[in-house]
Novice: 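Sharing a structure, written as structure tokens. Questions coming.
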Amino acid sequence: MLQSSGELRPTNIVPTNILELLKVLTPEDASKWDKWAEQLKAEDVDNKNQLCDLNKDDFNNLRISAYLKHTLRKHRDEMERRKHNTISIAQRTVADYEDTSKQTKPEVAPTGIWRWLKLVSSPFELLIPADHYPAYAKHWIESRREDGPNLHEGMLFLYEVEIIVSSLLLGVFTTLFFEVIHESMIEDFMTHQVYKLDYYVVLFGIMSMCTSFTHCLVSYVMIRLILPISDSNAYIFFKQQSMAKWMIFANVQVCCMLYSCALFLVCSLCSCLGGLTVGGTCVVVVTVSLSLMGGLYFAGINFNIAMNSGMFGSQALIDDEQAFETSSAELDNTLTLCALRNINEYQKPVPANILYRQVEDFRKGKRAEDKPRINQKRHLPLTLRRGITNKERSLEVETNSMYQAERFASF
């Protein structure tokens, strides 16, 4: 039956007579039932079975209204779906039934610390977030290889933000340094009194100012590098090895700046409070560190899900309409499974050139376009792969089979 939105309601009992079928499918058009039934009988369609047995061409050639044809097409599609999904219980064996129940059982992704361990590439991600590792930049660059303006603008905005943050930190901590530091602290630092808290206040203060100033210069140079690059050359510019090394150096500078500023702030607070020994200060530092690691724990999960599932690309993993009907917990489970399946098939982290359909196989004497491309949606559960047509699935199976055959022959 048709709802007000025009969708077909599932019915448990489908009438066989064509007139009764029209009454069920179009309850709002009672005045047209007899006319439509006569038109269908003129086309030798007297009952439901004859309607469903028509091939696609004969059905499209029926001389009936477009509205009626659209309604009957929905009914035919619904009947076809039921036909394929219905299996006679008498034809099932116990083993078949057990296999089916295993297949239909929803897969659940690991949670908690186990999910973090399966997703992250290094335990150091509790200290340094995943976006400061080279793999993150590679995924960003490869996902924008066909969108030079987006890549150019995104990188430029990143380093504009970093130069603003580093200049603010430089001003704040330079002022704080000269406000907090006094002569006794300087004397302890010059005489290397490493067992005193004042020594570390001066040490981390100097480090915070130096790293902030250095990162300001690095960000400025990076902006000067990026600005004149054209959008059409942005991809090859950021992918080159020398630029990749320079970006890694900039990330190291960011981490050093943030940690030195945080340690200087903690030590300065402890020094101003007074009465805290080095041991007490260590307790404060450990407490702050655990809080920071807790935040990086959740950030690492989200960074790695986004990176390894292919969410940087322009292709939507899940249709917006289906995502609207899915709960947040189910989406989290689905995307985690997608990332873990990619990791299990390839490595951790998933190579960006494979995930974003650029395969470089020149070492084997093949052109990149000769190698089958990998679909980003392939590792999604079948219920969430509606964006892939049957033609694309068959082509995907064929290309994957060819790829496996080539791999086997290479051994």
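All figures in this text were calculated on a predicted structure; none of them were measured in a lab.
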Novice: Would you mind reporting whether E330 and S327 have side-chain heavy atoms less than 4.5 Å apart?
Specialist: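 With C-beta onward as the side chain, the pair touches.
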Novice: To the nearest 0.5 Å, what is the distance between CE (M185) and CD1 (I181)?
Specialist: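 If I round to the nearest 0.5 Å, the distance is 5.0 Å.
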Novice: Considering residues, nucleotides and ligands other than F157, do more than 12 of their heavy atoms fall under 6.0 Å from its CZ?
Specialist: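 Not more than 12 within 6.0 Å, no.
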Novice: Do any N or O atoms from the side chain of S166 and from the backbone of I163 form a donor-acceptor pair under 3.5 angstrom?
Specialist: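 Yes.
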Novice: What I'd like to find out is whether the side chain of M307 reaches to under 4.5 Å of the side chain of Y136, using heavy atoms alone.
Specialist: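 Yes, their side chains come closer than 4.5 Å.
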Novice: Nearest heavy-atom pair of V202 and F177: which atoms, and what distance?
Specialist: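 The pair with the smallest heavy-atom distance is O-CE1, 3.9 Å.
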Novice: Tell me the closest heavy-atom pair linking I164 and S167, and the distance in Å.
Specialist: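 In terms of heavy atoms, the two residues are closest at O-OG, 2.8 Å.
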Novice: Working to the nearest 0.5 Å, report the span between CG of L292 and OG1 of T287.
Specialist: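 So the gap between those two atoms works out to 12.5 Å.
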Novice: As an exercise, state the distance from CG of L335 to CE of M311, rounded to the nearest 0.5 Å.
Specialist: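 Rounded to the nearest 0.5 Å, the CG-CE separation comes out at 5.0 Å.
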Novice: Just by distance, do the side chain of N333 and the backbone of A329 share a donor-acceptor pair under 3.5 Å?
Specialist: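 A pair under 3.5 Å: no.
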Novice: May I have the step-by-step check of side chain to side chain contact (heavy atoms under 4.5 Å, CB included) for M247 and M243, ending in yes or no?
Specialist: CA-CA 6 Å; M247 293 172 68; M243 188 61 186; 4.3 Å; yes
Novice: Under the side chain to side chain donor-acceptor pair (under 3.5 Å) criterion, do S230 and N233 qualify, and how do the steps go?
Specialist: CA-CA 5 Å; S230 64; N233 293 318; 3.1 Å; yes
Novice: Looking only at atom types and distance, does a side-chain atom of T211 sit under 3.5 Å from a main-chain N or O of S208, one as donor and one as acceptor?
Specialist: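 Present.
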Novice: Flag yes if more than 12 heavy atoms outside F237 fall under 6.0 Å of its CZ atom; otherwise flag no.
Specialist: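 More than 12 within 6.0 Å, yes.
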Novice: For this output row, return yes or no: ring centroids of Y200 and Y195 closer than 6.0 angstrom.
Specialist: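 Ring centroids of Y200 and Y195 are no less than 6.0 Å from each other.
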Novice: At their closest point, which heavy atom of F173 faces which heavy atom of C261, and how far apart are they?
Specialist: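 Where F173 meets C261 most closely, the heavy atoms are CE2-O, 3.5 Å.
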Novice: Mind jotting down which residue pairs meet the salt bridge (charged side-chain N to carboxylate O under 4.0 Å, His left out) criterion with at least one end in residues 117-138? Sequence neighbours excluded, please.
Specialist: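 Not a single pair qualifies under salt bridge (charged side-chain N to carboxylate O under 4.0 Å, His left out).
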Novice: Do R224 and Y220 come within less than 4.5 Å of each other through their side chains, counting heavy atoms only?
Specialist: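 Contact flag for R224/Y220 side chains = yes.
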Novice: If I compare all heavy atoms of I305 with all of T336, which pair ends up nearest, and what's the gap?
Specialist: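 Scanning both residues, the minimum pair turns out to be CD1-OG1, 3.4 Å.
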Novice: Taking the side chain as everything from C-beta on, heavy atoms only, tell me whether L40 gets closer than 4.5 Å to I64.
Specialist: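 With C-beta onward as the side chain, the pair touches.
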Novice: State, yes or no, whether a side-chain contact exists between Q193 and E187 at a heavy-atom distance under 4.5 Å.
Specialist: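 Contact flag for Q193/E187 side chains = no.
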Novice: Does the side chain to side chain contact (heavy atoms under 4.5 Å, CB included) test come out yes or no for W246 and V218, once each step is laid out?
Specialist: CA-CA 9 Å; W246 181 243; V218 171; 4.1 Å; yes
Novice: Output every pair passing side chain to side chain donor-acceptor pair (under 3.5 Å) with a member in residues 152-165, not counting sequence neighbours, ordered by first then second residue.
Specialist: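 For residues 152-165, and leaving out neighbouring residues, the side chain to side chain donor-acceptor pair (under 3.5 Å) pairs sorted by first residue read H152-D231, E162-H215.
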Novice: Distance from L290 atom CG to L126 atom CG, nearest 0.5 Å?
Specialist: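 Here the rounded value is 10.0 Å.
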Novice: Would the number of heavy atoms belonging to other residues, nucleotides or ligands and lying under 6.0 Å from NZ of K348 be above 12?
Specialist: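 Yes.
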Novice: When you compare the side chain of F238 with that of I229, does any pair of heavy atoms fall below 4.5 Å?
Specialist: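 No, every pair of side-chain atoms sits at 4.5 Å or beyond.
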Novice: Do you know the tightest heavy-atom contact between S184 and D198?
Specialist: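 Where S184 meets D198 most closely, the heavy atoms are OG-OD2, 4.5 Å.
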Novice: With the side chain counted from C-beta on, respond yes when V120 and I301 share a heavy-atom pair under 4.5 Å apart, and no when they do not.
Specialist: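 No, too far: nothing below the 4.5 Å cut-off.
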Novice: Walk me through it: do L119 and F303 pass the test side chain to side chain contact (heavy atoms under 4.5 Å, CB included)?
Specialist: CA-CA 9 Å; L119 286 172; F303 274 131; over 6 Å; no
Novice: To check you understand the geometry: which heavy-atom pair defines the closest contact between R115 and D332, and what is its length?
Specialist: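 So the two residues come closest at NH1-OD2, 2.7 Å.
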Novice: What distance do L227 atom CG and L156 atom CG have between them, rounded to the nearest 0.5 Å?
Specialist: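 Here the rounded value is 5.0 Å.
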Novice: Exactly one of E142, R144, E146, R145 should register a side-chain hydrogen bond (donor to acceptor under 3.5 Å, both in side chains) with Y235. Which one does?
Specialist: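 Of all the options given, the one that passes is E142.
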Novice: Between V288 and L263, does a side chain to side chain contact (heavy atoms under 4.5 Å, CB included) hold up when you go through it step by step?
Specialist: CA-CA 9 Å; V288 173; L263 291 171; over 6 Å; no
Novice: What is the ring orientation for H192 with Y199, classed by angle as parallel under 30°, tilted 30 to 60°, or perpendicular over 60°?
Specialist: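 Correct class here is tilted.
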Novice: Output yes when a side-chain donor or acceptor of H132 lies under 3.5 Å from a complementary backbone atom of I248, and no otherwise.
Specialist: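 No, H132 side chain to I248 backbone: no donor-acceptor pair under 3.5 Å.
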Novice: Any heavy-atom pair between the side chains of Y133 and S121 that's under 4.5 Å?
Specialist: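 No. Closest side-chain heavy atoms not under 4.5 Å.
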Novice: Roughly how far apart are W140 CH2 and N150 CG, rounded to 0.5 Å?
Specialist: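 The CH2 atom of W140 sits 8.5 Å away from the CG atom of N150.
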